[in-house]
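These notes concern the structure reproduced below.
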Amino acid sequence: MGDKFQLIHDVSPGTTGWTVKVVVAEKFSPRVAQRSPTKYQNLTLMDSEGSTVQATLYGQNITAFQDELLLGKTYLISNALVKETNAEYKAKSGEIQWTISGRTRIRRVEENNSNLLISTYSFTDFEDLPKYMDSNVDISVIGMIIDIKPRRIIQTRFGKECQVQDLVLVNKRFDTVLLTMWETFVDNECKGHTNSEIIDNMISEKHYLTSTPSKLSSKLSVPTAEKDFTEIKNIQGLKTVKQFFWIKGKASVKVLNQTYWYMSCNNCNKISSENYGDIYPCVFCKCTDAKAIPRAKVYMQLTDPTGYINATAIGNPAEYFLQSNAEILMNQTLIPTAASMRLSMDEDEIFYVKAITQELSPECKFEILFIVNPSQIAGDKNKGKAPVEHIGNRFDGEIPSSLLGLNFLESLQLQENNLARFNTGI
DNA sequence: CCCCCCCC
């Protein structure tokens, strides 16, 4: 491994413009967090000097990067989120951890660094294993799996049931040992890799399935009667029963110093680590010729006479609210002023809002799916049945992308909401 | 659909 790149210990929280060449030294199975539904996966990355750092992937990034960061392979990594591990979790604070996300740039390097990797381990010979019986010492062995026994349930001496599974390891001298996997290691490490399982995984992870916009959503009507709007006080600060609702009120930016855009994949809108205009293979949608383009986003406050909520808008509704576009927002270097974009509304507008309930928090997050100016529907002959073509900042009859973005489930939800309204006569 | 963060 060359030395024109930084080393792991050169990178601290706040360091910018770094690139470190690393080998994936360990890759643990994804796990579900104890106190939240979040999935996480830890990796150990090693630089040319054998220093290591823990890298973590969360949620959807786990599957996105599963073929990107392979055990034993070498990568150039830049722009990972670098932070000190939470002192609450680690006895000694100050330890560094990297978070790998869509922002992180990862480039495969065709280099074989397995010797480096192996050199950092000290393997215990099979014949020396008896020395460590009944001690709590961590040791490493190297061998090949030649047999996987059926899993079995055992009782510990405290009466607890545990699932275990035995693997047979063989070394170069053809000595064998039995390695027992316990509990989650049975599920995670003992999987046979038959074709059918791989296919099952692909189906359950739906890498290649993208949602198709439903015709339903294009028939969604903007309500005009006051009773069709949700009062903010009824959703403020708690989980809501409904997932989608209409609010009539005003939006304004309260946190001026925020990033009003992110670099995205032109195919799936997910975050990209590439430069504007570059063509690249997207790890999320697997599109091989994705283009990196800016996408607007804004974090704002939504108020009506009864209260306020914080909400995010992305893409079209963000551009419409800010009266700007993603490219301008990207090139804007100063903290914006009312002259450079719209920061608050003078008059009430209509918002279609999605509530995202958070498993552990009593509060939910809100996202604005689209915004309608009431004047756009006021003169409409079909008042109360305004088609969504009127929504957003495009009036050429094109359905705005913010609405096309609704996936099938959301469309179903919309249909249910509308049906509910129909059934109750409101 | 998209952003943010997230775990021991």
Side-chain angles (χ1 to χ4, degrees), chain A residues 28-44 54-62 64 80-93 95 97-104 184 206-214 217 243-244 255 257-273 282-285 287 290 292-300 310-319 322 326 329-330 354 356 358-361 363-370 399-414:
Chain A
F28 298 94
S29 297
R31 307 192 59 161
V32 177
Q34 294 277 295
R35 281 173 291 172
S36 85
T38 317
K39 260 190 164 183
Y40 68 95
Q41 179 175 33
N42 285 330
L43 310 179
T44 305
Q54 181 194 286
T56 309
L57 292 147
Y58 293 100
Q60 61 196 357
N61 293 326
I62 295 172
L81 174 69
V82 179
K83 55 180 187 182
E84 289 186 8
T85 44
N86 193 333
E88 190 188 320
Y89 301 128
K90 269 273 185 280
K92 50 174 182 184
S93 57
E95 208 163 297
Q97 175 194 20
W98 294 4
T99 302
I100 310 271
S101 72
R103 284 181 192 289
T104 310
T184 56
K206 296 190 223 32
H207 259 172
Y208 302 96
L209 302 180
T210 52
S211 58
T212 312
S214 157
S217 44
Q243 207 187 343
F244 295 90
V255 182
N257 192 6
Q258 59 175 294
T259 314
Y260 293 88
W261 67 284
Y262 68 94
M263 196 62 81
S264 70
C265 164
N266 71 328
N267 189 48
C268 70
N269 293 338
K270 300 260 322 161
I271 193 162
S272 167
S273 64
C282 174
V283 290
F284 295 103
C285 64
C287 175
I293 56 167
R295 189 161 166 81
K297 72 162 180 176
V298 58
Y299 184 64
M300 58 174 130
N310 292 317
T312 307
I314 296 172
N316 230 36
E319 293 192 349
L322 296 171
L329 295 167
M330 173 178 72
K354 178 183 177 184
I356 302 144
Q358 300 164 285
E359 211 87 4
L360 281 185
S361 159
E363 300 194 18
C364 37
K365 289 183 176 178
F366 297 100
E367 185 170 327
I368 292 162
L369 299 185
F370 53 82
I399 297 174
S401 62
S402 59
L403 192 56
L404 283 174
L406 296 183
N407 66 27
F408 179 64
L409 278 179
E410 288 171 345
S411 306
L412 277 184
Q413 184 67 43
L414 283 180

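Because only heavy atoms are used, hydrogens play no part in the values below, and waters and symmetry mates are left out as well, while side chains stay in. Each chain gets a letter, A, B and so on, in the order the sequences are listed, and its residues count up from 1.
- Between R103(A) and dC4(B) there is a side-chain polar atom (N or O) within less than 4.0 angstrom of OP1 or OP2.
- Nucleic acid contact class of Q41(A) (heavy atoms, under 4.0 Å, all strands): none.
- Here the OG atom belonging to S272(A) is positioned 12.0 Å from the CG atom belonging to N267(A), to the nearest 0.5 angstrom.
- Side-chain proximity of K365(A) to dC3(B), dC4(B), dC8(B): nearest is dC4(B).
- Rounded to whole Å, atom C1' of dC8(B) lies 8 Å from atom CD of Q34(A).
- OP1 or OP2 of dC3(B) has at least one side-chain nitrogen or oxygen of Q60(A) nearer than 4.0 Å.
- Atom OH in Y40(A) sits about 16 Å away from atom C1' in dC5(B), given to the nearest Å.
- Atom CD1 in I62(A) sits about 15 Å away from atom P in dC6(B), given to the nearest Å.
- Atoms CG (N316(A)) and C1' (dC1(B)) sit 14 Å apart, rounded to a whole Å.
- Atom CH2 of W261(A) sits about 11.5 Å away from atom CD1 of I293(A), to the nearest 0.5 Å.
- Considering only side-chain N and O atoms, K270(A) lies under 4.0 angstrom from the phosphate OP1 or OP2 of dC3(B).
- dC3(B) atom C1' lies 17 Å from atom CG of N266(A), rounded to whole Å.
- At least one side-chain nitrogen or oxygen of K83(A) sits closer than 4.0 Å to the OP1 or OP2 atom of dC6(B).
- Checking side-chain atoms of E319(A) against main-chain N and O of A326(A) turns up a donor-acceptor pair under 3.5 Å.
- Rounded to whole angstrom, the span from the OH atom of Y299(A) across to the C1' atom of dC3(B) amounts to 12 Å.
- With centres under 5.5 Å and a plane angle under 30°, the ring of Y58(A) is stacked against the base of dC6(B).
- Checking dC8(B), dC3(B), dC1(B) against every side-chain atom of A33(A), the shortest atom distance belongs to dC8(B).
- Panel note: side chain T85(A), backbone E95(A); a donor-acceptor pair is recorded below 3.5 Å.
- A donor-acceptor pair under 3.5 Å links the side-chain atoms of Q41(A) to the main chain of F28(A), judged by distance alone.
- Within 4.0 Å (heavy atoms only), S264(A) reaches no atom of the nucleic acid at all.
- The side chain of L369(A) sits closest to dC1(B) out of dC8(B), dC3(B), dC1(B).
- Which of dC1(B), dC3(B), dC6(B) sits closest to the side chain of N61(A) comes down to dC6(B).
- Looking at heavy-atom distances under 4.0 Å, Q258(A) makes no contact with the nucleic acid at all.
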